[in-house]
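All remarks here apply to the structure that follows.
Numbered from 1 within each chain, the chains take letters A, B, ... in sequence-line order. Everything numeric here is computed off the predicted structure, so don't read it as measured data. For the numbers below, each heavy atom of this structure counts, side chains included, while hydrogens, waters and symmetry mates do not.
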Amino acid sequence: MSQVRVRFAPSPTGGLHIGGVRTVLFNYLFARQQGGTFVLRIEDTDQSRFVPGAEQYIFNCLRWCGLMPDESVEHPGAVGPYRQSERKALYRPYAEQLIAAGKAYYAFDTPEELAQMREQFKTAENPSPQYGAVTRMHMRNSLTMDEAAVAEALNGPHVVRILMPQDERIQFKDMIRGEVSFDTGLVDDKVLLKADGMPTYHLAVVVDDYLMQISHVFRGEEWLPSAPIHLLLWRYLGWEEKMPQWAHLPLLLGPDGAKLSKRHGSKYGFPIFAMNWTDPRTGDFTEGFAERGFLPQALLNLLALLGWNDGSGQELFSMEELVQRFDISRVSHSGAVFDFEKARWFNHQHIHRLSAAELAPLVMPYLPAASNEKLLPVLELVKERCTLLPDFGVQAGFFFQTPESIDLDSLRAKWKPVYAAFFETLASAWDPAPAWENAADIETAFTVLAQELGIKKGELMLPLRIMLVGGKFGPGVFDILHLIGASEAAKRVRNALSQI
RNA sequence: GCGGCGUUGGUAAAUCGGUUAAUACGCCACCCUUUCACGGUGGAAUGACGGGUUCGACUCCCGUACGCCGUACCA
């Protein structure tokens with residue numbers, strides 16, 4: 001009977017990539033389906049990685065996707081603040097509580113000392129020694145120093161580390177993977193509270209999930225190795241009965257099988273982020289799905305199917321269907337390679353499903369010369385040949401604007417001298433413009449004229465098409481003629497004749 | 001190195017011990033269309049390897065190999 005509360009907790013350090021969007025999506029679907037609450041918490045505990053604008057950018061992406069949180073810095077609920085930097089004072093008492101309980105300790109080692117320790121204990125078998133059972137007693141911390149020395153050192157910079165038990169088996173049930181277990185002896189004494197007073201992710205995530213009453217945590221599989229730390233913290237803080245259920249989502253992979261990153265985008269030429277992002281520090285630009293011409297519902301549909309399916313074979317889902325059908329127990333265990341070709345297919349399908357009226361506002365940016373009365377019928381005619389939104393520019397542009405250039409090579413390849421007379425006669429017949437009721441009438445007149453001149457109608461179709469649209473593409477020629485009108489058609493035919 | 005998690009066609013994947021191992025994307029061919037697309041038909045292409053368990057394994061168990069993730073005072 002407990003309330004479902006889920007959260008997405010990004011750190012505002014850069015763009016939001018589609019792996020993150022999928023994590024948001026799964027959280028969102030689960031929350032909507034269960035009548036729960038979706039919380040967005042900003043994890044900005046690393047001041048050195050602060051990126052101006054990144055937080056706003058995340059909101060912009062979520063808004064575009066239609067995955068807005070119920071509680072966030074924009075719409076605070078009862079458990080704020082929703083930015084960890086503003087919760088700073090909250091964490092220290094919990095760290096102190098852990099120390100008092102003997103589950104954590106102060107450490108005073110400088111970065112140099114840490115590096116020295118790693119160097120000293122490094123062996124061929126163990127290239128990265130941990131701050132843990134075998135090393136902690138060699139370091140400067142409240143375990144090795146006497147009370148007076150600790151009290152003295154506390155005036156200077158210090159951190160709090162968790163004291164990992166020597167030989168304990170931490171086991172829990174992951175909603176996706178089932179029983180998962182770890183040996184505590186293999187996990188190091190992670191820093192909980194940093195020298196600057198900020199918590200690390202490990203402390204912050206547990207404290208905040210508890211305080212924000214989170215019931216289920218859906219996060220990427222990259223967090224699985226640190227899950228035992230979080231489990232222990234829930235236990236040590238005495239909150240175990242309130243601990244959320246865990247679900248570690250399979251990773252989104254690039255074509256090379258490695259965790260999807262913006263590197264893949266530039267390497268393979270596809271977007272990685274939800275929306276365009278330029279890093280203000282480096283000037284690095286990463287392309288977004290929005291600007292590439294994807295529909296948000298298509299992006300969400302394809303991301304949902306990357307790691308989940310309902311077993312029916314259905315691939316096209318509306319958001320409502322996803323909310324209804326999503327089932328965390330049917331999420332797969334292995335990483336999924338992102339396939340841009342398939343992504344394009346999803347977008348094509350979703351474009352096809354939209355009406356011309358729904359499409360109109362979305363394609364206006366690509367059709368500067370579009371006129372209102374022709375727009376809808378044109379969109380209806382061309383939408384099935386558009387995969388991405390910018391495709392409407394080339395597929396529909398010529399209805400509103402005379403082509404800047406025509407494919408003369410293709411035209412000449414099909415050209416016969418007798419055609420010139422035909423097209424001149426045709427242009428004259430269209431100028432002054434006759435009354436065109438429909439495409440069929442135009443075709444009839446065209447056929448008759450071809451017969452009179454003894455030319456096969458079929459031979460003339462492609463040349464006419466090229467004259468009208470500029471190339472070998474587009475809907476039926478007579479549909480095009482009907483929409484652009486006789487006088488404009490005559491103009492285009494004469495223009496082509498003059499160039500041939 | 002160690003730990004964790006994975007492994008069905010190129011990719012996404014169904015199968016929940018018994019099938020000629022679905023389906024979709026992509027690819028190839030043909031049909032439709034004297035354009036492009038849509039649509040239709042057909043085709044090539046899959047259970048990493050080795051042991052078990054079982055009357056019977058893609059499905060369960062063990063091992064090996066391989067891949068990924070983690071191993072920060074980053075998240």
>> With a 4.0 Å limit, can you tell me whether A:N309 has a side-chain N or O closer than that to the phosphate oxygens OP1/OP2 of B:A14?
In response: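 Yes, A:N309 has a side-chain N/O under 4.0 Å of OP1/OP2 on B:A14.
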
> Within the pair A:S332 and B:A13, is there a side-chain N or O less than 4.0 Å away from OP1 or OP2?
Replying inline: yes

>> A:D407: which residues meet the salt bridge (charged side-chain N to carboxylate O under 4.0 Å, His left out) condition with it, sequence neighbours left out?
In response: none

> Which value, in whole Å, describes the distance between the C1' atoms of nucleotides B:U59 and B:U8?
Replying inline: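 B:U59 and B:U8 have their C1' atoms separated by 11 Å.
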
> Given the C1' atoms of B:A13 and B:A45, what is the spacing between them in whole Å?
Replying inline: 15 Å

Provide a list of protein-nucleic acid N or O atom pairs under 3.5 angstrom, restricted to nucleotides 44-50 of chain B.
none

Plane angle bin for [Y] and [X] - parallel if under 30°, tilted between 30 and 60°, otherwise perpendicular:
X      : Y      : result
A:H352 : A:H348 : perpendicular
A:F172 : A:F182 : parallel
A:Y201 : A:W223 : parallel
A:W415 : A:F423 : parallel

d([atom1], [X]; [atom2], [N]) in whole Å:
X      : N     : atom1 : atom2 : result
A:L299 : B:A12 : CG    : C1'   : 16 Å
A:F478 : B:U35 : CZ    : C1'   : 12 Å
A:I406 : B:U35 : CD1   : C1'   : 15 Å
A:K457 : B:U33 : NZ    : C1'   : 12 Å
A:R465 : B:A37 : CZ    : C1'   : 10 Å
A:L186 : B:C2  : CG    : P     : 10 Å
A:D479 : B:U35 : CG    : P     : 14 Å

> What string of B, S and - do you get for nucleotides 60-74 of chain B, 5' to 3', if B is base contact, S is sugar-phosphate-only contact and - is no contact with any protein heavy atom under 4.0 Å?
Replying inline: --------SSSB-BB

> Which letter, B, S or -, goes with each nucleotide of nucleotides 19-24 of chain B from 5' to 3', with contact meaning a protein heavy atom under 4.0 Å?
Replying inline: -----B

>> Do A:T13 and A:S11 pair up side chain to side chain, a donor and an acceptor below 3.5 Å, judged on atom types alone?
In response: yes

>> Checking base pairs now: Watson-Crick or wobble, both atom distances under 3.5 Å. What partners B:A37?
In response: none

> Which pairs, with at least one residue in residues 103-125 of chain A and sequence neighbours excluded, count as a ring-ring contact (aromatic ring centres under 6.0 Å, His included)?
Replying inline: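 Every pair satisfying ring-ring contact (aromatic ring centres under 6.0 Å, His included) with a residue in residues 103-125 of chain A: A:Y106-A:H158, A:F121-A:H138.
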
>> Please list, in numerical order, the residues of residues 381-404 of chain A that have a heavy atom closer than 4.0 Å to any atom of RNA chain B.
In response: A:E384, A:R385

> Is a salt bridge present between A:R49 and A:D46, judged by a nitrogen-to-oxygen distance below 4.0 Å?
Replying inline: yes

